[in-house]
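The next block holds one structure in the form of structure tokens; read it before the comments.
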Amino acid sequence: MTRMLLLISNETRDVTSRAAAGCFMFRASSRRELQTIPGPLFPCQDPCSLVRTMAQSPDAATRASPPPDGGWGWVVVFGAFISIGFSYAFPKALTVFFKDIQRDFQVSSSEIAWVASIMLATMYAGGPLSGVLVNRFGSRPVTIAGGLMCSLSMVAASFGNSIIHLYICIGLIGGLGLSFNLNASLTIISKYFLVRRPLANGLAMTGSPVFLFFLAPLNQYFFYNFGWRGGFLILGALLLNCCVAGSLMRPVPSAGSLSTEKKSLKDGEAGGQGTKLKSNCLSRVKIVDLSLFKDRGFVIYLIGNAMFFFGAYAPIVFLSSYAVSRGVDELSAASLLSIMGFVDMFTRPGTGLLANTRWIRPRIQYFLSFAMVFNGACHLLCPLATSYTSLVVYAAFFGIGFGMVFALIFECLMDLMGPQRFPKAIGLVTIIECCPMLLGPPTAGILVDRYDYRYLFVMCGAVIVTGGLFLFVMNVYNYHLMDRKAKAEHQERRGEDAQLQGRASDRTPEERPRAAGSGEDQTAPAATEEDEAMGDHAKTSAEHPSKESQEFHDISI
């Protein structure tokens with residue numbers, strides 16, 4: 001019996017050691033092959049569950065697996081499709097009511113534009129808070145809470161009698177609810193997918209144009225039949241569908257989690273240690289990780305995207321008003337947003353499929369630069385559109401450029417940071433991007449009040465094109481520095497290997513390590529562990545001369 005217990009104990013230690021070694025080798029795999037390392041190998045609700053699971057259930061470590069890349073993940077993508085669709089399309093479709101609200105409250109174009117800009121800025125600025133809540137409670141309850149906040153904000157806004165009331169209800173409360181929906185959806189997609197993540201992100205982001213395609217004419221119908229107050233009440237009811245979307249976002253199943261929980265309930269001492277470890281780790285969670293600024297690629301991404309967001313939403317806010325100023329009726333002017341959403345609807349999944357190919361995915365940062373330049377060029381050419389037909393052409397190309405950018409923008413951030421750092425990275429990005437997003441539409445409104453709509457589109461187009469060119473040039477420079485550094489490290493390793501080979505070949509037969517045996521001189525000096533390690537390393541390098549060259553090729557862009 002005692003011998004059997006010893007055998008079981010030794011086998012358990014071997015399994016645990018192999019699992020730990022496999023975990024290390026998986027995390028050390030080539031970035032070029034996987035692009036980014038997936039989320040925790042043991043998906044849990046808190047950052048310390050990995051340590052507790054390894055300590056309490058060694059068998060769970062052997063059943064660890066990468067993200068499923070399918071299965072229930074596609075249902076999660078459908079829920080994210082609804083949640084992201086409301087998050088992005090709702091502020092755009094709401095602009096249909098702005099002209100009537102402007103007349104009722106007697107405010108300028110710049111003042112009415114603050115409603116959409118505050119809502120968008122709050123949606124992005126709430127990223128860190130929503131990220132902390134997602135890490136603590138999971139994506140499902142955060143998305144449901146966001147849907148309730150959005151619904152209540154629209155119901156409260158329908159009783160408003162001043163523009164300040166709309167700023168608070170729609171801008172602050174509604175924007176924070178949209179932030180909960182957006183960040184929770186993006187985070188759970190990064191946990192469910194790795195290889196098919198560009199496709200999953202593209203499908204989820206398609207919710208924005210699909211909802212915009214239907215919401216823009218639907219809001220116009222609400223406006224004609226119920227006014228903007230009645231329309232707000234109906235929209236508040238529609239936003240409750242975000243709660244349904246959140247209910248689909250169940251956590252990523254972790255192997256052995258149920259047995260771990262049962263064991264922790266029985267073992268009070270182990271449970272107490274796990275709770276203490278969890279509290280210590282949660283106390284160290286940072287809302288904003290400023291160490292990300294040390295990453296040169298992240299800083300380049302941040303600057304380029306800040307320039308894009310400054311001019312991204314102003315053309316959408318004023319597109320209907322610009323069409324009316326050109327003699328287009330209000331119903332046809334509202335249909336321009338539907339046309340943009342219809343084209344965007346097919347652009348995003350198509351861009352996701354294209355970005356998932358082996359030709360584009362290693363160069364996805366350059367693809368984002370091209371999409372931004374294309375989007376900005378459309379705005380620069382918009383003042384040439386004076387008829388409804390030309391405005392339809394502009395709306396179609398605008399939908400292509402806008403869809404390409406938003407199908408890539410979060411995938412590029414995941415590519416740079418990886419799912420481990422993505423929640424903190426997106427929190428920091430959204431905090432900084434909310435400033436240009438907040439100032440963009442009101443600045444464009446000032447140009448409309450003082451000059452003309454044409455200056456609005458020229459300003460937005462010039463800023464976006466500059467941001468796209470900045471991303472392209474700086475990424476070329478960044479990858480050049482990375483290649484030069486990798487090449488220098490490669491040459492340094494080759495020199496060290498050559499030196500080790502030379503030292504091994506210069507040894508005399510008496511100095512070389514020999515195994516003790518019959519007929520051999522037992523008084524010869526034994527080889528030290530350092531000499532044996534250097535000899536093994538030299539032998540490995542001689543047998544595999546192209547291994548390091550292959551490693552350098554894998555990390556080169």
Side-chain angles (χ1 to χ4, degrees), residues 84-105 107-126 149-150 153-154 156-158 160 162-179 181-182 208-209 211-212 215-216 218-220 222-223 228 231-232 235-236 239 308-324 333-334 336-338 340-341 379 398 402 406 430 433-449 453 456-457 459-460 463-464:
I84 294 175
F86 275 113
S87 298
Y88 277 117
F90 190 74
K92 306 171 192 174
L94 208 61
T95 60
V96 174
F97 300 101
F98 281 3
K99 203 68 177 179
D100 191 61
I101 297 174
Q102 185 178 356
R103 286 194 297 263
D104 287 353
F105 293 162
V107 294
S108 62
S109 299
S110 179
E111 290 175 314
I112 194 63
W114 277 104
V115 176
S117 62
I118 292 174
M119 190 177 195
L120 290 169
T122 306
M123 181 179 72
Y124 276 79
M149 290 178 64
C150 292
S153 68
M154 294 305 298
S158 64
S162 66
I163 194 67
I164 303 297
H165 187 93
L166 299 186
Y167 291 163
I168 296 174
C169 294
I170 298 179
L172 296 178
I173 301 176
L176 188 60
L178 294 180
S179 176
N181 293 339
L182 176 63
S208 173
F211 275 68
L212 180 62
L215 279 179
L218 192 63
N219 285 352
Q220 193 69 40
F222 293 156
F223 172 71
W228 67 268
F232 280 9
L235 289 175
L239 284 168
F308 168 76
F309 278 105
F310 181 82
Y313 287 99
I316 300 175
V317 173
F318 293 99
L319 179 59
S320 298
S321 301
Y322 173 65
V324 172
L336 293 175
L337 292 176
S338 298
M340 174 193 167
H379 298 325
F398 184 19
F402 198 83
F406 274 89
T430 53
E433 287 179 351
C434 74
C435 296
M437 190 178 300
L438 179 67
L439 298 177
T443 304
I446 293 174
L447 293 177
V448 172
D449 292 334
Y453 285 98
L456 177 157
F457 292 99
M459 179 199 71
C460 295
V463 172
I464 293 176

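All heavy atoms count here, side chains included; hydrogens, waters and symmetry mates do not. None of these values were measured; they are calculated from a predicted model.
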Student check: side-chain heavy atoms of [X] and [Y] closer than 4.5 Å:
X: P91; Y: L178; answer: yes
X: I101; Y: F232; answer: yes
X: F211; Y: I84; answer: no
X: M154; Y: L94; answer: yes
X: L166; Y: I118; answer: no

Rounded to the nearest 0.5 Å, how far apart are [atom1] of [X] and [atom2] of [Y]?
X: Y88; Y: L120; atom1: OH; atom2: CG; value: 9.5 Å
X: M119; Y: S87; atom1: CE; atom2: OG; value: 9.0 Å
X: F97; Y: N219; atom1: CZ; atom2: CG; value: 4.0 Å
X: S321; Y: F98; atom1: OG; atom2: CZ; value: 9.5 Å
X: S117; Y: L439; atom1: OG; atom2: CG; value: 8.0 Å
X: S153; Y: L172; atom1: OG; atom2: CG; value: 10.5 Å

Could you report the tightest heavy-atom contact between [X] and [Y], atom names first, then the distance?
X: C460; Y: A314; result: SG-CB, 3.8 Å
X: A444; Y: F318; result: CB-CE1, 4.2 Å
X: L336; Y: A323; result: CD1-CB, 3.6 Å
X: A93; Y: L212; result: N-CD1, 4.0 Å
X: Y167; Y: E111; result: OH-O, 2.6 Å
X: S108; Y: D449; result: CB-OD2, 3.8 Å

Would you find a donor on one side and an acceptor on the other, under 3.5 Å apart, between the side chain of [X] and the backbone of [Y]?
X: T122; Y: G171; value: yes
X: H379; Y: L456; value: no
X: S179; Y: G126; value: yes

In this structure, is the centre-to-centre distance between the rings of F105 and W114 below 6.0 Å?
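Between W114 and F105, the centre distance exceeds or equals 6.0 Å.
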Applying salt bridge (Lys or Arg N to Asp or Glu O under 4.0 Å), name anything that partners D100, two or more places apart in sequence or on another chain.
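With sequence neighbours excluded, D100 shows a salt bridge (Lys or Arg N to Asp or Glu O under 4.0 Å) to R103, given in chain and number order.
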Just to verify, which of Y322, F402, Y453, F457 counts as forming a side chain to side chain contact (heavy atoms under 4.5 Å, CB included) with P315?
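Answer to the side chain to side chain contact (heavy atoms under 4.5 Å, CB included) test with P315 among Y322, F402, Y453, F457: F457.
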Once ring-ring contact (aromatic ring centres under 6.0 Å, His included) is applied, do any residues pair with F308, and if so which ones, sequence neighbours excluded?
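With neighbours one apart ignored, the set is F406.
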For Y313, give me all partners under side-chain hydrogen bond (donor to acceptor under 3.5 Å, both in side chains), at least two apart in sequence or on another chain.
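Checked Y313 against side-chain hydrogen bond (donor to acceptor under 3.5 Å, both in side chains); zero matches.
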Before you tell me yes or no, could you show the steps for L337 and L215 under side-chain contact (heavy atoms from CB on, under 4.5 Å), namely the whole-Å CA-CA distance, both residues' side-chain angles and the distance that decides it to 0.1 Å?
CA-CA 9 Å; L337 292 176; L215 279 179; over 6 Å; no
